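Each remark here refers to the structure printed beneath this line.
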Amino acid sequence: MTVRLRVAPSPTGDPHVGTAYMALFNLAFVRQQGGAFVLRVEDTDRARFQADSEQQVKDMLHWLGLDWDEGPDIGGPYAPYRQSERLDTYRPYVEQLVASGNAYECWCSSERLAQMRAQQQAAKLPTGYDRRCLGLTREQRAELDGFTETPVVRLLVPEDPPLHFADLIRGEVNAPRPDDQVLLKADGFPTYHLAVVVDDHLMGITHVVRGEEWISSTPKHLLVYDALGWDRPAYAHMPLLRNTDKSKISKRKNPAARLTWFGEQGYLPEALVNFLGLLGYSQPDGTEVFDFAQMSRDFDWSRVSTVGPVFDLEKLGWLNGEYVRALAPDDFAARGMPFLQSAGLVADPASDDERATLDALVPLVQTRVALLTELPALVRCFFVPEEAFSIEEAAAAKVTGSGTVLTAAADALETLTDWSTETVQAAMDAALIDGLGLKRGKAYAPVRVAVCGASVAPPLPESMAVLGKERVLRRLRVAATTLG
RNA sequence: GUCCCCAUCGUCCAGCGGCCCAGGACUCCACCCUUUCAAGGUGGCUACGCGGGUUCGAAUCCCGUUGGGGGCACCA
């Protein structure tokens with residue numbers, strides 16, 4: 001049997017990391033098994049619906065390389081893949097459930113339901129629908145209070161509903177007894193609980209992989225499968241990603257909950273994918289730097305943890321550095337360019353000169369960047385117009401009184417006809433180390449500040465070679481007076 | 001409140017009865033390398049929540065307890 005899995009985001013806002021996390025594990029298994037991966041849009045909540053959300057989700061998933069085989073944009077044998085376009089397919093099943101006595105209509109107003117729950121909680125009772133409408137006709141119910149015109153359809157949970165199910169990650173799971181859950185809302189839209197089951201069945205989904213938060217509603221779904229006479233899928237409930245305080249990861253408490261945040265912050269998609277594959281999961285050999293293909297190759301549900309991992313940015317930052325350093329030089333330049341452009345250091349599109357300068361800088365900065373957002377500060381002095389070049393105050397303060405050193409360096413460099421890393425360094429060493437008797441660290445510090453404007457910068461002779469004789473000399477002579 | 005899930009260094013993982021007075025990674029600290037900062041190298045700090053069992057033997061199994069998390073919507 002060929003395996004079919006899906007990821008089913010709800011277009012209610014900015015794409016969530018949890019969606020990528022689920023997609024990754026779904027997909028790792030799908031690709032290992034040679035099955036199909038479906039993207040289904042669960043847009044049954046018209047109150048929270050956001051029109052641009054679906055596209056953002058698709059963009060983010062593509063950015064991460066987590067691509068689907070069937071979906072609303074590319075179609076497939078089970079189209080449509082948007083639940084709002086499938087309203088007609090749910091209706092017959094609702095009718096069937098009502099006819100078979102597995103569901104019933106309910107006219108209770110939301111006010112009455114809220115009041116009922118409050119009372120139950122005050123009485124320290126489990127909350128749940130009290131079945132006020134069960135067995136009543138519309139007319140009979142209308143005579144009682146808390147009545148509302150348009151009914152919903154509720155699942156009738158039997159005395160002994162199925163509460164146990166096998167989970168690929170957790171083994172036998174014991175879930176709580178469900179409430180008489182609403183299946184069809186008053187607006188005619190199905191709730192999640194009806195729509196997932198119907199769609200998963202109709203779309204031939206074999207494995208339902210979702211967050212742990214769904215464990216408690218699985219019995220409802222089981223009930224619907226059974227009532228409709230359908231085979232149950234296999235279940236895998238993933239651990240929930242957490243904030244630092246261990247609560248379920250949220251956009252409110254954690255910027256990383258927002259998928260679009262990572263690109264803006266200079267993270268590489270392959271690093272994020274790798275990192276997500278490290279949360280609640282590990283490679284059999286303990287490898288920590290691995291790509292999707294490797295993860296998929298020996299993917300195993302039994303290796304997925306049941307403990308919700310804290311989404312810790314520090315390790316992701318390290319991992320990102322690993323990936324940044326592993327980038328081919330031209331790839332690094334290409335990925336870094338947008339950050340230089342948005343910092344206003346490079347024109348958009350970049351000129352040939354600017355490209356050439358960046359290419360020359362790559363070997364100097366690639367090991368010094370963990371996040372792409374760190375690049376602009378590191379290369380600022382190479383791109384900034386001479387008139388706008390300035391020395392950081394703190395850096396200047398560290399080397400005040402080095403006019404002699406700077407002048408000596410400038411004088412020595414002035415005579416150079418061949419301008420390269422080697423000749424520059426030789427000239428500086430001769431003038432400052434041999435000539436003034438300074439140690440290299442002492443000698444280079446003021447020069448670095450004068451030329452780069454900061455006390456932390458890429459290697460000095462290399463930087464000076466890239467900068468060119470003219471600009472270096474000008475900066476040295478200016479600094480010789482200002483730092484004199 | 002109620003039901004369910006979970007429990008190894010600060011964090012992410014390994015461990016699935018003896019190889020563990022617990023191993024790797026991130027972070028932090030020290031040292032080496034070194035023209036600054038990185039990168040790289042070496043070393044170090046730090047954990048099986050607690051209490052009972054079971055067993056010759058428990059981080060690993062069982063029970064309890066404590067702690068954390070999630071669900072309890074005409075949201076997903």
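Residue numbers begin at 1 in each chain, while the letters A, B, ... track the order of the sequences. Computed from a predicted model, the values in this text were never measured in an experiment.
To the nearest whole angstrom, the two C1' atoms, one in U8(B) and one in C13(B), are 10 Å apart. Comparing the same atom, P, in C33(B) and in G15(B) gives a spacing of 39 Å after rounding to whole Å. Distance check on atom P: C19(B) versus U36(B) gives 47 Å, rounded to whole Å. Rounded to whole Å, the separation between the P atoms of G53(B) and G68(B) comes to 27 Å. Between C3(B) and G64(B), the distance separating the two P atoms is 14 Å to the nearest Å. The same atom, C1', is picked in G23(B) and in G69(B); the two are 28 Å apart, to the nearest Å.
Closest to the side chain of Pro176(A), from the set A76(B), U27(B), C3(B), is C3(B). With distances taken from any side-chain atom of Arg242(A) to the nucleotides A73(B), G68(B), C6(B), the minimum falls on G68(B). Distance from the side chain of Lys124(A) is smallest for G1(B) among the nucleotides G1(B), A25(B), C74(B). The nucleotide whose nearest atom lies closest to any side-chain atom of Ile215(A) is, among C6(B), C74(B), C4(B), C4(B). For Arg325(A), whose side chain is taken as the heavy atoms from C-beta onward, the closest listed nucleotide among C37(B), A14(B), A39(B) is A39(B). For Glu288(A), counting side-chain heavy atoms from C-beta on, the closest listed nucleotide (U35(B), C12(B), C74(B)) is C12(B).
Leu460(A) comes within 4.0 angstrom of a nucleotide base, judged by non-hydrogen atoms across all strands. Residue-level contact check: Thr12(A) touches neither bases nor backbone, having no heavy atom under 4.0 Å from any strand. Among the protein residues, Glu462(A) comes within range of the nucleic acid bases, having at least one heavy atom under 4.0 Å from a base atom.
Taking the six-membered ring where the residue is Trp, Phe25(A) and Phe299(A) present perpendicular rings, their angle passing 60° and hence far from 30°. Between Phe311(A) and Phe262(A), the two ring planes are tilted [angle within 30° to 60°]. Between His221(A) and His193(A), the two ring planes are tilted [angle within 30° to 60°]. Tyr267(A) and Trp261(A) have tilted rings, their planes meeting at an angle from 30° to 60° on a 0 to 90° scale.
As the counterpart of G40(B), C32(B) is assigned, both hydrogen-bonding distances of the Watson-Crick or G-U wobble pattern falling under 3.5 Å. Taking a pair to require two hydrogen-bonding distances under 3.5 Å in either a Watson-Crick or a G-U wobble arrangement, U65(B) pairs with G49(B).
With respect to the salt-bridge test (charged N to carboxylate O, under 4.0 angstrom), the residues Asp14(A) and Lys251(A) do not qualify.
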**Item:** B/S/- contact track for nucleotides 41-49 of chain B, protein heavy atom under 4.0 Å
**Value:** ---------

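One cannot find a donor-acceptor pair under 3.5 Å joining the base of A39(B) and the side-chain atoms of Thr367(A). Not a single donor-acceptor contact under 3.5 angstrom links the side-chain atoms of Arg177(A) to the base of C3(B).
Here the side chains of Glu105(A) and Val152(A) are not in contact, with every heavy-atom distance at 4.5 Å or above. Contact of the Gln115(A) side chain with the Gln119(A) side chain is registered, since non-hydrogen atoms from C-beta on lie closer than 4.5 Å.
For the pair Pro151(A) and Pro459(A), both in contact range of RNA chain B, the more 5′-proximal nearest nucleotide belongs to Pro459(A). Mapped onto RNA chain B by nearest heavy atom, Gln121(A) and Leu113(A) fall at different nucleotides, with Gln121(A) at the one closer to the 5' end.
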**Request:** Could you give me the CA-CA distance, side-chain angles and deciding distance for Asp300(A) and Arg303(A), then say whether salt bridge (Lys or Arg N to Asp or Glu O under 4.0 Å) is met?
**Result:** CA-CA 6 Å; Asp300(A) 185 350; Arg303(A) 295 198 68 79; over 6 Å; no

